[in-house]
Amino acid sequence: MEAQEGDVKSCEASKVKWKGGFVALPFIIAQVFFKAKAKGGFRALPFIISNEILEKVAGFGLNINFITYLNMQYHLSHANAGSLLFVWGAVSNFAPIPGAVIADMYLGRFIVVAIGSIACFVGMVFLWLSAMIPGARPPPCDMRSSPELCAPPEARHMAWLLAGFVFLSVGAGGVRPCSMAFGADQFSRHPKERRSRILQVYFNAYYGSIGVAFMVAVTVVVYVQDNLGWKVGLAVPTCLMLLSAASFLLGSGLYIKDRGSKRMFAGIGAAVAAAVRNRRAWLPAKTEDGVYHHLKDCKLTVPTDRLRFLNNACMISNTKEDKSGSGGADGISDRGRLCTVDQVEQLKSAIRVMPIWSSTIFLAQAMNQYFAVPQADAMDRRVGAGGFRVPSGTFAVFNMLTMSLWSGCYDRWTAPALRRLTGNPRGLTMKQRIGGGLVFGTAAMAAAAVVEAARRRQALGGGGMSAFWLVPQYALAGLAEAFGVIGVIEFFYTELPKSMASFSMALLYMALGAGSLVGSLIIKLVHEVSGRGGRTSWLAEDLNAGRYDYYYWLLAGLGAVNFVYFLWCGWAYGEEGQNVEWEDEGEGETTIA
C-alpha cells in the first residue's frame, strides 16, 4: 500500500515538474500507465534491451554500407570516404569518455541514455534528409564508369553529413557507456547472491541482443539499401532510432534511476594533486620505513613499491621514529596536503594499465574493414541456381557469427580444454586473450592482402573470383574481437578500482577511437605517398589499378610490430590480479608508525 502511494506521489510530482511541457508527455504517460509496486527488476529490461537492439540495428545498418553511399552519392573516393568514416568512428568512440563522466558524476545514467537516444535519432534524420533533398548532395553522376566527370561535394553538401555525424557521435557518447550499466542498475536492490546470478543472465541476453541486431542489420537493412535505394535505406534506420528512443522513454516509470556521484574520481584526483604538491619530499630507502596517511581500520597501511615515486603523496614522515606524524625536516606535517595510501594505489593501478591499453589500439584496424565492401562489389556475389546476389555489406555477418560462436563455446568447451593445458581456472589469462586478439587481427590483415592480390590478378586476366573468399578475413576479425575486446573489458574491469567500473568500459571505446584516428592517418599517408610523382596510388578509385594488397600488408606488418610491443607491456605489467583490495572511503583517517 505504501509503495502504491509512493508511486502516486511520484507521478503527481512529475506532473507538477513537467506541467505544460510537450516533451514530458512520454514520461507522464509511462508513469501513469505503469503503476508498479516496486521499480526495476525484469519488468524494466524489455524497454532497455529493445532500446539497445533497435539502436544497434540502426547503427550497424548505417556503418556497414555507408562507404558505398559516400562514394556513389557524394562522389568521395574510397580513400577519402574511408578516412572520413575512420574519423567519425574515432569521435564516436572518444565520446563515451565524457559521457561516462557526466553520467556517473552529474546526471545519472537514465538522463544520459535518454539524451543519447534522442541525439541518435536527430543525427539519423539529418542523414536521411541528405538522401531526400536533391540539393543536399552533388548532382547525380556515375562513379563506376566515369568518376573523373563527377563533381565533388561542396561545403553546403558536407554540412548535412557532418551535422548527422555530430549528433550520432553525441548519441554514442550517451548510449554506449551507460546502456549496459543502466540495465544492471535495475537489480541493484536484489540480494547480493541472487543479483550475481541474475546479472549473468542479463549480460548474456545483452550480448545476444547485439548479435541479433548485427545479423538483422547486415542482412535486412543492407538488402533494403542495395535494392530499394538510399531514400528508403536511410529511412529504415531513422524509424528504428525513433522507436528506440520511444521504447526507452516509455519505460521511465519502471526504472531505478541512480543519481550521479561526484566522488567517482575523487580518490585519483586527490592522489594526483597530492603527488604534485609533495613532489620534493624525500622518500625512505625502504618503503616500509616511512609513516603514511591511511584510512582508519584499513588493511592497506603502507604503499607498494610499484611506481614508488608517487608514495610521497601519502607520506607523513620518511622515518618511523616520527610516530606523532609531525613531519620533521623530510616529512609533511600538514595532512591537508596528503591523500591516503588507498588513493595512491588507485592512481598507480590506473597508470599501470595504460601501456597495455595503448597496445590494443590496433584492434580497430581489424574490426573496421571498410574497404572489404568495395572489394565485394568487384567480386562475384552470386549464390544458388537463381543467381541471387548477396549484398556487399552482408558479408560482415561472418564477423559477428564467428565472434558469437566462439564466445558461446568458450566457457562450455574451450576453457575446460585449455584449463587442462594451462592450469589456469579461466583457461587463458586476460593478457593471453588480449594477445590472441592482436594475433588474429594481424592474421586478418594478412588474409585480406592475400585475397586482394588474388582477386586483382584474376580481374586483370579477365576472370572473376567469388566474394566468399572474403569470409576468412571476416572470420579472423571476429576472432580478434572475441579474444581482444572481451579480454580488454575483463582486464580493465578487474585491474582498475571499483570506483572506475563505468569508466573502464569507456576506456575500450577510447582505444577504438584512437585506433580509428590512426587508421585515418595511415590512409591519408598511404594515399599521398604512394601517389607521388604521377604514380597510381595504392588506394586508387579503381581497385584493379591500385594495390590494396600492399596496404593490407602494411597493416599486417604494423600489427606484428604492435604485438611485440604488447609482449613488452605485458612483461612490464607483471602478474594479473595483484592489485590491492581498495576500501570504501570514509571518515576517521589515522596514521601508523
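Checking side-chain atoms of Arg137 against main-chain N and O of Ala131 turns up a donor-acceptor pair under 3.5 Å. Checking side-chain atoms of Trp357 against main-chain N and O of Leu507 turns up a donor-acceptor pair under 3.5 Å. Between the side chain of Ser92 and the backbone N or O of Gly89, no donor-acceptor pair lies under 3.5 Å. Remark: side-chain polar atoms of Glu55 are not paired, donor with acceptor, to backbone N or O of Ser117 under 3.5 angstrom. Judged by distance alone, with hydrogens and angles left aside, the side-chain atoms of Arg535 form a donor-acceptor pair with the main-chain N or O of Arg532 at under 3.5 Å.
Between Tyr573 and Phe491, the gap from one ring centroid to the other is short of 6.0 Å. Between Tyr474 and Phe395, the ring center distance fails the sub-6.0 Å criterion. Within the 6.0 Å centre-distance limit, the rings of Tyr255 and Phe110 are counted as a close aromatic pair. Ring-centre distance between Tyr548 and Tyr551: not below the 6.0 Å cut-off. Taking the six-membered ring wherever Trp is involved, the centroid distance between the rings of Phe94 and Tyr509 does not fall below 6.0 Å.
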Would you please test Phe483 and Leu428 for side chain to side chain contact (heavy atoms under 4.5 Å, CB included) and show each step? CA-CA 10 Å; Phe483 274 81; Leu428 295 174; 3.8 Å; yes
With side chain to side chain contact (heavy atoms under 4.5 Å, CB included) as the test, would you mind laying out the steps for Tyr223 and Val220 before giving the verdict? CA-CA 5 Å; Tyr223 179 83; Val220 178; 5.9 Å; no
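For Phe371, the CZ atom counts as densely surrounded, since its 6.0 Å shell holds more than 12 non-hydrogen atoms of other residues, nucleotides or ligands.
A parallel orientation is assigned to the rings of Trp568 and Tyr565, their planes being inclined by less than 30° (bins at 30° and 60°). Ring-plane geometry between Tyr550 and Trp538 is classed as perpendicular, the angle between the planes exceeding 60 degrees on a 0 to 90 degree scale with a lower cut at 30. In this pair, Trp230 and Tyr69 present their aromatic rings tilted. The plane angle is within the 30 to 60° band.
Residue pairs meeting the salt bridge (Lys or Arg N to Asp or Glu O under 4.0 Å) criterion with at least one member in residues 151-160, sequence neighbours excluded: Glu154-Arg156.
Taking a cutoff of 4.0 Å between a charged side-chain nitrogen and a carboxylate oxygen, Arg456 and Glu452 do not qualify as a salt bridge.
Judged by distance alone, the side chains of Asn51 and Ser247 never bring a donor and an acceptor atom under 3.5 Å apart.
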